[in-house]
Amino acid sequence: MSEKYNPRVIEKKWQQHWAELQSFKSEVNPKKEKYYILEMFPYPSGKIHMGHVRNYTLGDVIARFKRAQNFNVMHPMGWDAFGLPAENAAIENKTSPKDWTYENINTMKEQLQRMGFSIDWSRELATCDKSYYLQQQKLFKYFFEQGLIYKKESLVNWDPLENTVLANEQVIDGKGWRSGAEVEQKKLSQWFFKITDLAEDLMNGLEKLDGWPEKVKLMQQNWIGKSYGCEIDFEISQHEGTIDTDKIKIFTTRPDTIFGATFCALSPFHPLVDEIISNDETVNMEVQKLRALKINEESISKDEKIGIKTKLSIKHPFIKDKNLPVYIANFILMDYGSGAIYGCPAHDQRDLDFANKYNLEVIQVVDGDRDFDGQTAYTEDGKIINSDFLNGMQIEEAKEKAISEIEKLEIGKRTINYRLRDWGISRQRYWGCPIPIMYREDGEIILVPDENLPVELPEDVDLQKTGNPLENHSSWKNTKCPETGMNAIRETDTLDTFVDSAWYFLRFCSPTLETEAFRKSDIDYWMPVDQYVGGIEHAILHLLYSRFFTRALKLKDIDEPFQSLFTQGMVCHNTYKNTSGEWVYPDDVKFENSKLIQISKELEVTEGPIESMSKSKKNVIDPQSIITNYGADSARWFMLSDSPPERDINWSESGIQGSWKFCQKIWTLVYQNKHIFKKKSQVSDYSGETKRFIGQIHEQLDVITRSIEKFQMNVAVAKIYEMVNLISKFKCDQEEKEEALRESLVILIRVIEPMIPHLAEECWELTYNKKALIDEPWPRVKKELLVKENVVVVIQVNGKRRGEVTIKKDADENAVTEKINEVQNIKDLLEEQNIKKTIFVPNKILNIVL
RNA sequence: GCGGAUAUGGUGGAAUCGGUAGACACGCUGGUUUUAGGUACCAGUGAGGCAACUCAUGGGGGUUCGAGUCCCUCUAUCCGCACCA
């Protein structure tokens, strides 16, 4: 044990100690209250990055804090190990995705262990483990049998050169990122989860989630997007060629504007469009152009509206002899409503843009405060005009009336529509969980029997070849039906990796169970997750899918997987560019002669804006170098200092140095006082100055405790600084004071443990305590010491602070008023003035209004 | 475009309830000690003013005895938009 703070030695020492004693292994213990803390598991991309360090440091503070509060804490860790980057790496480096992934897992596990996180590694799992995806295939079968899985056609980004499906991020300016080929929208038959079946339930469940940030709940609510409207069948009045149907079903949320309808628009992927283009080659060519465009909500609202006029017309249901032209348009989603709308240009901006472009009629049917100018759609409140039986009504009333008339004519019905779409889970990729389905030669689609699971990923695949590697692997793909012996073809799609992460928190409860995905008794004890910590970028999809899974699995008593949720901010850093316009790593930049210079190339560098750390902009700091230079505790402390956890944090060299200095300061403070722990004192009560000192310590302890509970780690950190400053200045010259110093140091060591555990343990060793620090309970706040005898009451004149008086606690207004006379400048202000009234807040403020 | 968020000194940020704005830290300035130096310690540090005091929480307006906090409005920046995880 040395006088100098030596993180390299002590961190290794305590990590070994915890590992040997299996200090963080968790087991079901019905006698003890459980606490399940979980951080979003990482994708094993290579090395840990600062975002991980921040995420897991936050979670670890909570894990260690709750343990100190006598909870039976489970804090597991695993790997979200399937995904695209493994395939990309395989193509670039000619390695296998499996080897690449497991190598990364090893590296990252070592790094996480080097951070000293209190993780129960006995529960470790990787979603690419056979044992994990075996259970996932069983869950797939369960969902299938529950009727929650179906197949339908849907669109993908298709790279015709690589013969493969591209992720959105692989499409850059409409071109394939590797091939540069023009990306097409291709229809493929794909598997879907019927998440929309539970849309209502998922929305209502949000109300109960008190521990979730309001903004995340709102984002989910908007994502589900419940809306009330109606379907209307419009009769086709004119067409050319043979058309299979005589109606077009449209969906609207604004049936009150039915009399303002002036055209009809179909999605380019509407089934009727297939018929139209089979009759008309000119339209066909135009439609193919529209179909090649990527349509999402963003493009609908921003991009130029394009329409193709068809030879069809539809009849207006309420206006005799009025026919509306039918267009095929790029701003209609096939997945929303019925894939067809009627356009009411006066009251919808998209429709108006379209009508203005194609010179269509615009009829105003809602009139309100603002004049309608023909350029900005009128979407505000108002009264219905130009609308026959709806005239004079308010919007809501008119909606009701229109729907009831439509239902009376039996040409449509009231519907509830959700913006939420079913969850497409098919991926035409290799590195994912195989779908346990076979297509038999007799046309039957069968589920692979349990005894033949898992359907294993073949390892002998050629990723260099274009197309889906599983599709190309004929000996894997062609198989026999285990029941009938008939020839069969395996499903070559794999599952979306969001499926992997939609139930991993359940698997952590029974990580090694072979017979089932999880043991019921384990789930009953550990679930739900008490605190989930992760990035805001998962606010919608991952969390919604996990909620869907938990509900669909019908676990008794549990429908919400995450009791509380905390979303942390990102880690940012300045960006640097050299004179040739290349991004430069911060490590490669030095400051010389008041210029920034790139060390490796000796080029001048300019400093760019602070952005979230990303490999593409090279503004990353490798946590490994920080751990090596400063130690894990300093890195942890920095992550918790200054910025509130939910906000973005800017990495700075001076900040990490400050953290290191602080760790050193704590060590010096405890080490210099180590002799006082040898003695045992008889002091049971404090007086005077010592009482005030220890009172302040307990006040700080109180704030630290409450701050950690509220996730305000930066506030807790600031109070710990204050505590250290206070203890450092405390002059210890008598027995009573020595006892106070001892008590305060013990409190300090205990409260820093969740944040900087190695240093805390090393300090604890100096106190001659037999019990391990991690098993030491959180210190109790001595409430009796928080009561102050005197308080400062601020005196205001006309709401402005003019002075203060120190007075006995709970003194009344008269007592305060009397004391004012001692304050000269207030006396002057009050002279020869009439006091209109006074506002008195006990122990806080006296405001005198003149 | 829609949806969500954020804005306080030179910097990161603090401020239970509407009640002393700027805690704590970084940086900077001056000093002390040891060292070649990093280090450690002490003092100062929102702006203006000799001072009394005035001004100050993105801009403008409002409610209130009193607003960083509540209401309206504007501006700027960031995030998401369904195959990245």
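Sequence lines set the chain letters: A, B, ... in the order given, protein chains first and strands last, and positions in each chain run from 1.
For B:U35 and B:A21, the P atoms lie 47 Å apart once the distance is rounded to whole Å. Nucleotides B:G48 and B:G9 have their P atoms positioned 15 Å apart, rounded to a whole Å. As rounded to the nearest Å, B:G3 and B:G13 have P atoms that lie 27 Å from one another. Rounded to a whole angstrom, the distance from the P atom of B:G18 to that of B:C28 is 39 Å. Rounded to whole Å, the separation between the C1' atoms of B:G66 and B:A47 comes to 23 Å. Between B:U45 and B:A51, the two P atoms lie 13 Å apart (nearest whole Å). A distance of about 32 Å separates the P atoms of B:C78 and B:A25, rounded to the whole Å. Rounded to whole Å, the P atom of B:C42 lies 34 Å from the corresponding atom of B:G68.
The interatomic distance linking A:Phe498 (CZ) with B:C84 (P) rounds to 8 Å, in whole Å. Rounded to a whole Å, the CH2 atom of A:Trp223 is 14 Å from the P atom of B:G3. Protein atom CG of A:Asp648 is 9 Å distant from nucleotide atom C1' of B:C79, rounded to whole Å. Separating the CD1 atom of A:Ile224 from the P atom of B:G80 is a distance of 20 Å, rounded to the nearest angstrom.
Side-chain N/O atoms of A:Lys215 include none lying less than 4.0 angstrom from OP1 or OP2 on B:G4. Side-chain nitrogen and oxygen atoms of A:Lys719 include none within less than 4.0 Å of the OP1 or OP2 phosphate oxygen of B:A25. OP1 and OP2 of B:U20 both lie 4.0 Å or more from every side-chain N or O belonging to A:Lys844.
Looking at heavy atoms from C-beta onward, A:Ile224 lies in side-chain contact with A:Leu544 at the 4.5 angstrom threshold.
Of the candidates B:A25, B:C83, B:U54, the closest approach to any side-chain atom of A:Arg802 belongs to B:U54. Closest to the A:Arg647 side chain, of the nucleotides B:A82, B:A14, B:A85, is B:A14.
At the heavy-atom level, A:Ile649 lies nowhere under 4.0 Å from the strands shown. Among the heavy atoms of the strands lying under 4.0 Å from A:Pro644 are primed sugar atoms or P, OP1, OP2 only; no base atom is included. When heavy atoms are screened at a 4.0 angstrom cut-off, A:His538 is found touching base atoms of the nucleic acid. Using a 4.0 Å heavy-atom criterion, one finds that A:Val715 contacts the sugar-phosphate atoms exclusively. Across all strands shown, A:Gln700 has no heavy atoms under 4.0 Å from either base or sugar-phosphate atoms. Among the protein residues, A:Ser299 comes within range of no part of the nucleic acid, since none of its heavy atoms lies under 4.0 Å from any strand.
Nearer to the 5' terminus of RNA chain B, by closest-nucleotide assignment, is the contact made by A:Lys661 (compared with the other of A:Lys661 and A:Ile839).
With a 3.5 Å ceiling on both atom-pair distances, B:G37 lacks any Watson-Crick or G-U wobble partner. When Watson-Crick and G-U wobble pairs are counted only if both distances are under 3.5 Å, B:U54 pairs with B:A47.
A donor and an acceptor atom sit less than 3.5 Å apart, one in the side chain of A:Arg706 and one in the base of B:U16. Judged by distance alone with a 3.5 Å cut-off, a donor-acceptor contact links the side chain of A:Gln428 to the base of B:C83. With hydrogens and angles ignored, no donor-acceptor pair closer than 3.5 Å exists between the side chain of A:Glu297 and the base of B:G3. Counting atom types as modelled, A:Asp642 pairs a side-chain N or O with a base atom of B:G12 as donor and acceptor under 3.5 Å.
Taking every heavy atom of both residues into account, A:Ala811 and A:Asn843 meet most closely at N-OD1, 4.3 Å. Considering all non-hydrogen atoms of both residues, A:Arg54 and A:Pro644 come closest at NH2-O, 3.3 Å.
Checked against a 6.0 Å centroid threshold, the rings of A:Trp79 and A:Tyr504 do not count as neighbours.
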